[in-house]
Amino acid sequence: MRIIIGENYRDMSRVAADMMASQIILKPESVIGLATGGTPIGFYKELVSLHNQGKFSFKQVKTFNLDEYYGLDKNNLQSYHYYMVENLFKHIDIDLNNINIPDGTAKDIEAECKSYEAKIKNAGGIDMQLLGIGINGHIGFNEPDIKFEAITHLVNLDEETIEANSRFFTSIEEVPRSAISMGIKTIMHAKKIILLASGNEKAKVIERMLNGPITPDLPASILQLHPDVTLIVDKEAGELIRE
Ligand code: F6R
């Protein structure tokens, strides 16, 4: 795993945005996997800024988001669909037919998950996948004890995740208890992965992910086996990394 320790959050965000921009410049029809949450907000700002400088276009890019809360409509302010529009899609020249986010309101969840996997396959697979990491080691919403061979599926969120994400809701009761998420297998099939982590509350999980055993107890530990992962952290999240 390649490890880049940025001076601060802005630095971490810039390095990641530069990598994504290079990917799109080199392959304008790239298939990109996207993440939500607090960590990538700066990354999206930097990416939009590079795009606005005319460095590249999203016209031929296809995107697939990692996950969506179960039961939230795409117009719900807390949905990941809404997040993506606000933080990225409304600022760039992407063709909205090329964006893909699981439908949290789908009547037939199993069919929705199957068709999401099929769409990724038909697009030729994900060229570059952006990931964040939960303090419990989740990637996407693949919580501890997940099956490594899982593909896109409905997941129950851990108490820890519900609590961590309640900061984006008015009360903890409002946080959905489940979500549709790409599985570990889906993520591991991405050709390149960028994992972002910021803040000292992520330092421990980053250290365990890098040096601990590969175990479903810490889903991100599987990334030790992926051939092309770049971990980009700020100083706080990287403070326990042994060089
Ligand atoms: C988001 C996602 C999650 C987050 C993780 C970290 O699409 O799949 O795995 O990346 O929960 O969230 P933040 O960045 O808010 O700490």
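Counting starts at 1 for both ligands and their atoms, following the listed order. Fair warning: this is a prediction, and the values are worked out from it, not measured in the lab.
- Of the protein's non-hydrogen atoms, the one nearest atom 6 (C) of ligand 1 is Ile133 O, 3.4 Å.
- Backbone and side-chain nitrogen or oxygen atoms of Arg167 are examined, and one is located within less than 3.5 angstrom of a nitrogen or oxygen of ligand 1.
- No hydrogens or angles considered: nothing links the side chains of Glu46 and Ser13 as a donor-acceptor pair under 3.5 Å.
- Every atom of ligand 1 with a heavy atom of Leu66 under 4.0 Å away is listed here by number and element: 8 (O).
- Taking the six-membered ring for Trp, Tyr69 and Phe169 have ring centres closer than 6.0 Å.
- Checked for salt-bridge contact, Glu207 and Arg242 meet the test: a charged N lies under 4.0 Å from a carboxylate O.
- Summary of contacts: the protein heavy atom closest to atom 1 (C) of ligand 1 is Thr36 OG1, 3.2 Å.
- For Glu160, the closest heavy-atom approach to ligand 1 does not fall below 4.0 Å.
- Scanning the protein heavy atoms around atom 8 (O) of ligand 1, the nearest turns out to be Asp67 OD2, 2.5 Å.
- A salt bridge between Arg10 and Asp234 is absent, with no side-chain N of the basic residue lying under 4.0 Å from a carboxylate O of the acidic one.
- Atom 14 (O) of ligand 1 has Thr39 OG1, 2.4 Å as its closest protein atom, hydrogens excluded (heavy atom only).
- Closest protein heavy atom to atom 5 (C) of ligand 1: His138 NE2, 3.4 Å.
- Looking at Ile109, Thr186, Ile146 one by one, the single match for side-chain contact (heavy atoms from CB on, under 4.5 Å) with His153 turns out to be Ile146.
- Between Glu143 and Asn156 the shortest heavy-atom distance is CG-O, 3.7 Å.
- Under the 3.5 Å distance criterion, with hydrogens and angles disregarded, no donor-acceptor pair is assigned to the side chains of Asn52 and His91.
- Interface of Gly37 with ligand 1, defined as ligand atoms under 4.0 Å from a residue heavy atom, comprises 14 (O), 15 (O).
- In this structure, of Gly132, Gly134, Gly140, the residue bringing a heavy atom nearest to atom 9 (O) of ligand 1 is Gly140.
- A distance of 9.5 Å separates CZ of Phe64 from CD of Glu117, quoted to the nearest 0.5 Å.
- When hydrogens are left out, the protein atom nearest atom 16 (O) of ligand 1 is Lys202 NZ, 2.7 Å; that is the closest non-hydrogen contact.
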